[in-house]
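Step one of this worksheet: look at the structure below.
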Amino acid sequence: MITAILKDAVVASLRELYGQNFSEKDFQINQTKPEFEGDYTVVLFSLVKALKKSPDAIGSELGNHLLQSKNSVFVRFNIIKGFLNLSVADSYWIGNLEKNYNEICYGTKAMRGEKVMVEYSSPNTNKPLHLGHLRNNFLGWSIAAILKAAGYDIVKTCIVNDRGIHICKSMIAWKLFANGSTPQSTSIKGDHFVGDYYVKFNNEYKRQVAELVAKGIKEDEAEKEAPIMKAAQQMLVDWEAGKPDVIELWKSMNSWVYAGFDETYKRIGSDFDKVYYESDTYLLGKKLVEDGLKKKVFIEKDDGSVWIDLTADGLDEKIVRRKDGTAVYITQDIGLAVEKYEQYKCSQSIYVVGDEQNYHFKVLKLICQKLGLPSADGIYHLSYGMVELPTGKMKSREGTVVDADDLVDEMVSIAANHTQELGKVKDFTDEELKELYETISLGALKFFLLRVDPKKKMIFNPEESIDFHGFTGPFVQYTHARIRSILRKEFPAAGYKTQDTGLLPLEKELLITLEQYGTIIEQAAFEHNPSVIATYAFNLAKTFNSFYTEHSVTNAESDEKKQLRLKLCLFTANSIQSAMALLGVKVPERM
RNA sequence: GGUCCGGUAGCUCAGUUGGAUAGAGCAUCAGCCUUCUAAGCUGAGGGUCAUUGGUUCGAAUCCAAUCCGGAUCACCA
C-alpha cells in the first residue's frame with residue numbers, strides 16, 4: 001500500500017541522508033489537499049529539531065533522495081511551507097488496477113489463525129425487537145464481517161435472556177387475560193403477541209397500585225402488595241423450583257417469541273454460530289465464587305453475602321453472591337466467559353452491548369483478571385450509544401418505542417413508492433420487485449445506523465423518514481447499479497494490458513481511493529468501527545459519480561481509454577459490493 | 001456527590017497518535033437530462049469547533065478550570 005511504501009521510503013532516506021534512525025511515528029503522512037500538486041504529503045516540522053535544519057532544506061533533500069531511490073514510485077515533488085508534496089507515478093496506480101480489478105478478495109487479509117468471538121443481539125424474550133436492537137444487530141454482524149475480512153476466524157454468539165421476572169410478567173398476564181389464545185389463533189407474530197401481554201401486565205399492575213393507593217396505602221407499599229406483582233414473583237419461584245405447568249407455559253411462550261425473532265432475524269440478516277440461553281447459564285459462576293473466596297479475591301460478609309472490593313481500582317464494592325446463596329448477573333457473566341473460552345478458545349471476546357453497561361463490563365473484566373482467568377484479557381466491551389428520539393429516550397411505558405418490524409415495513413413501502421415513481425424497473429417480476437424493495441430499504445436502514453460512530457448516541461427522527469439521497473445506502477447502491485449497467489453493455493476485454501498513457505485527474509482520484517480499501521478495512525477492524533467502511537463506500541461512490549458525469553466509458557476517446565475505464569468500472573463496482581457487504585448491505589444490479 | 005461519555009454549520013454527522021484556508025449529507029438558493037440510470041452532477045450562501053486560560057513554530061485535537069447534556073454508581077438483568 002502506498003502509504004506504507006512511502007513511510008518505509010522516508011525512513012530509509014532519512015537514514016541514508018543523515019545517518020539517523022527514525023521510525024514511522026516520527027513524521028506524518030497525509031493525503032495531499034486538492035489545492036496543491038501531489039498525491040501524498042510528508043509533514044516535515046517534526047523532523048526539524050532532530051536534524052537541526054529548516055523544513056525547506058529537509059524537504060528538498062528528502063524529496064530528491066526519494067525520487068532517486070531504486071524502484072521509486074515517486075516522480076515529482078514540491079515543498080510548500082514545510083509540507084513535502086509527492087506525486088506518485090501513474091504506473092503505480094495502473095499496476096494496482098491491473099492486479100486487482102477483478103479480484104474478489106481485494107482488500108481482505110490472509111487468515112491469521114486467531115479466533116474472535118462476537119456476542120451481539122442478546123434479546124429479552126418478553127417483548128419484540130425495537131430500533132435499539134437493530135443498531136445492536138447491525139453493529140454486531142458488521143463487526144464480525146469486518147474482523148473476518150481482517151483475517152480473524154469469527155464465532156458469532158447470542159445470549160438469550162429467557163428467564164427472570166420479565167418473562168413471568170408476560171406469563172401471568174397471559175394466564176389472566178388471554179383465554180387460551182395463541183399467536184396462531186390470533187394471527188399475531190409471536191414476539192409481538194407475548195409483548196402485548198407484557199404491556200397488559202403493566203397496565204393492570206398500574207391499575208392495582210392506584211386502587212390500593214386510593215384505599216390509603218402508601219405508594220411504595222402498594223407497589224409491593226399489588227396482587228399481580230406478587231403472582232409474578234411467585235411464578236419466578238415456581239419456575240426455579242421446576243413446577244411442571246409453569247415450565248410448560250414458559251416453554252410455549254418462549255417458543256412463540258423465538259418464532260417471531262427468527263422471522264425478524266432472517267429478514268434483517270442476523271445469524272449466530274452458537275446461541276446461549278440464560279436459563280442454562282444462570283447457575284454458572286457459582287463455583288468460581290468458591291474459588292475466589294479461597295484465593296481471597298472475594299470476601300464473605302456476616303450475612304453470608306459475598307463481595308469483591310474494587311475501591312483500590314477506583315470502583316465500588318460489588319456483590320457476587322446474594323446472602324441466600326443465589327448468583328447475580330455478574331456472576332453469570334463470569335461463568336459464561338469461562339464457558340465460552342473453554343468451548344472456543346478465542347483470543348478476544350467482543351460484547352456488543354449498550355454504553356449503559358460500561359461499568360458492568362469494566363467490573364467484569366477486572367474480576368476475571370483478579371481471578372486469573374485466561375479469558376480475562378480478551379474481554380472487550382464494544383459499547384455503543386443509545387438511539388434516541390428528538391424528544392429524548394425511547395420509553396416503552398410511554399409508547400415511544402420504535403418497533404423493528406414496523407420500521408422495516410415502513411421503509412419497504414417508502415422504497416416501493418419511490419422506485420415506482422422513478423419507473424426504471426417496470427419489467428421486473430413481482431418477485432424481483434419484492435427483493436429489490438427489501439434490498440433498498442434494509443440498505444437505507446443499515447447504512448443509516450452504521451454510518452455513525454458506534455460510541456456516540458444517535459438521534460432518529462420518525463417524522464423525517466430515512467433519506468435515500470446523499471450520504472445514504474441507496475446512494476451507494478445506485479452508483480453500483482449504474483456501473484453494472486455499463487458492464488452489461490461492455491466488459492473489459494480479456495488479455496488487454498492497460499498502458500500508461502497519462503491519467504486524467506478524475507481517473508486518478510478514483511484509483512487513489514480504490515487503493516486505500518485495504519487500509520480502510522484494517523482501520524475499521526482495529527477501531528471496531530463500521531462507520532469507517534460506510535464513509536469509505538460513500539466517498540468511493542461519490543468519486544465515481546463525478547468521474548461518470550465527466551467522462552464517457554463506452555464512448556471513450558480511444559480504445560485504450562475505454563479499456564482502462566471499463567476496468568475502473570469493474571474495480572469500483574466490486575469494491576462497492578465488497579465494502580457494502582461488510583455492512584450487511586446488498587447491492588442491486590439495477591434499481 | 002464519585003466515576004465515565006459527549007458539546008463542531010439551521011438539522012444529522014465526519015475530522016481528535018497536534019499540521020496547510022475546519023469537511024460531508026440534509027435543508028435553502030442558482031445551474032445541468034437528444035449521449036453509459038438525474039436515487040445523479042456542478043456551484044453559492046451558512047462556523048466564536050460550549051466558555052476561559054495554558055502548553056508551542058502550530059490546538060477542534062493535548063492540559064486545567066467552568067457551563068450544559070447524558071450514562072452509571074441495586075442482594076434487577
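Proteins get letters first, then strands, A, B, ... in listed order; numbering begins at 1 in each. Computed from heavy atoms alone, side chains included, the values below leave out hydrogens, waters and symmetry copies.
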From the list [options], which nucleotide is the closest neighbour of the side chain of [X]?
X	options	value
A/Lys457	B/G70, B/A20, B/U37	B/G70
A/Phe538	B/A77, B/G25, B/A38	B/G25
A/Trp307	B/C75, B/C41, B/A14	B/C75
A/Asn555	B/C75, B/A77, B/U35	B/U35
A/Val43	B/A20, B/G19, B/G40	B/G19
A/Ile319	B/C75, B/A38, B/C36	B/C75
A/Ser305	B/A20, B/C75, B/A14	B/C75

Just call it for [X]: base, sugar-phosphate, or nothing, with non-hydrogen atoms closer than 4.0 Å on any strand.
X	answer
A/Leu315	nothing
A/Asp467	sugar-phosphate
A/Ser546	sugar-phosphate
A/Leu422	base
A/Phe475	sugar-phosphate
A/His360	nothing
A/Asn85	base
A/Asp303	base
A/His551	base
A/Arg321	nothing
A/Ser383	nothing
A/Glu24	nothing
A/Lys323	base

Polar side chain donor-acceptor pair, [X] to [Y], under 3.5 angstrom:
X	Y	result
A/Tyr40	A/Asn85	no
A/Tyr384	A/Asp355	no
A/His360	A/Asp333	yes

Side-chain donor/acceptor of A/Tyr101 to backbone N/O of A/Pro492, under 3.5 Å: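 Checked: no pair found.
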Donor-acceptor contact present, side-chain A/Thr543 to main-chain A/Asn539, <3.5 Å: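 Judged by distance alone, yes, a pair lies under 3.5 Å.
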Counting only side-chain N and O atoms of [X], is one of them less than 4.0 Å from OP1 or OP2 of [N]?
X	N	value
A/Ser552	B/C36	no
A/Arg451	B/G25	no
A/Lys455	B/A71	no
A/Arg590	B/C36	no
A/His469	B/G40	yes
A/Lys562	B/C36	no
A/Lys542	B/G25	yes
A/Lys456	B/G7	yes
A/Thr41	B/G19	no

Using the [atom1] atoms only, state how far [M] lies from [N], rounded to an integer number of Å.
N	M	atom1	result
B/U8	B/A59	C1'	14 Å
B/G53	B/A60	P	14 Å
B/A50	B/U61	P	8 Å
B/C67	B/A30	P	47 Å

If I take atom [atom1] in residue [X] and atom [atom2] in nucleotide [N], what distance separates them, rounded to the nearest angstrom?
X	N	atom1	atom2	answer
A/Met458	B/G7	CE	C1'	17 Å
A/Tyr384	B/U72	OH	P	13 Å
A/Asn30	B/U17	CG	P	11 Å
A/Phe447	B/A24	CZ	C1'	12 Å
A/Tyr359	B/U3	OH	P	13 Å
A/Ile459	B/G25	CD1	C1'	17 Å
A/Phe547	B/U42	CZ	P	14 Å
A/Glu278	B/A77	CD	C1'	7 Å

Centroid separation A/His418 to A/His469 less than 6.0 Å: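 Yes, close enough.
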Given A/Tyr478, A/Phe544, A/Phe471, the one that forms ring pair (Phe, Tyr, Trp, His ring centres under 6.0 Å) with A/Phe538: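 Exactly one pass, corresponding to A/Phe471.
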Tell me whether [X] and [N] count as stacked here, given that the ring centres must be under 5.5 Å apart and the planes must differ by less than 30 degrees.
X	N	value
A/Phe83	B/G19	no
A/Phe36	B/A20	yes
A/Phe471	B/A24	no

Option passing side chain to side chain contact (heavy atoms under 4.5 Å, CB included) with A/Val387 (candidates A/Leu131, A/Val452, A/Val402, A/Ile459):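 Going through A/Leu131, A/Val452, A/Val402, A/Ile459 one by one, the side chain to side chain contact (heavy atoms under 4.5 Å, CB included) with A/Val387 is satisfied by A/Leu131 alone.
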Given RNA chain B, 5'-ward residue of the pair A/Asp324 and A/Glu527, judged by closest heavy atom: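 First, find each residue's nearest nucleotide; the 5'-ward one identifies A/Glu527.
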So which nucleotide does [N] pair with, by the Watson-Crick or G-U wobble rule with both distances under 3.5 Å?
N	answer
B/C4	B/G70
B/U42	B/A30
B/U17	none
B/A9	none

Side chain A/Thr554 and base B/C36 donor-acceptor under 3.5 Å: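 Counting by modelled atom types and ignoring angles, a donor-acceptor contact under 3.5 Å is found here.
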A/Asn461 (side chain) and B/C11 (base): donor-acceptor pair under 3.5 Å: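 Flag unset: no donor-acceptor pair detected.
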Option passing side chain to side chain donor-acceptor pair (under 3.5 Å) with A/Arg565 (candidates A/Glu490, A/Glu507, A/Glu560):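 Among the candidates, only A/Glu507 passes.
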Parallel, tilted or perpendicular, as decided by the 30° and 60° cut-offs, for the rings of A/His551 and A/Phe547: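 A/Phe547 vs A/His551 ring planes: tilted.
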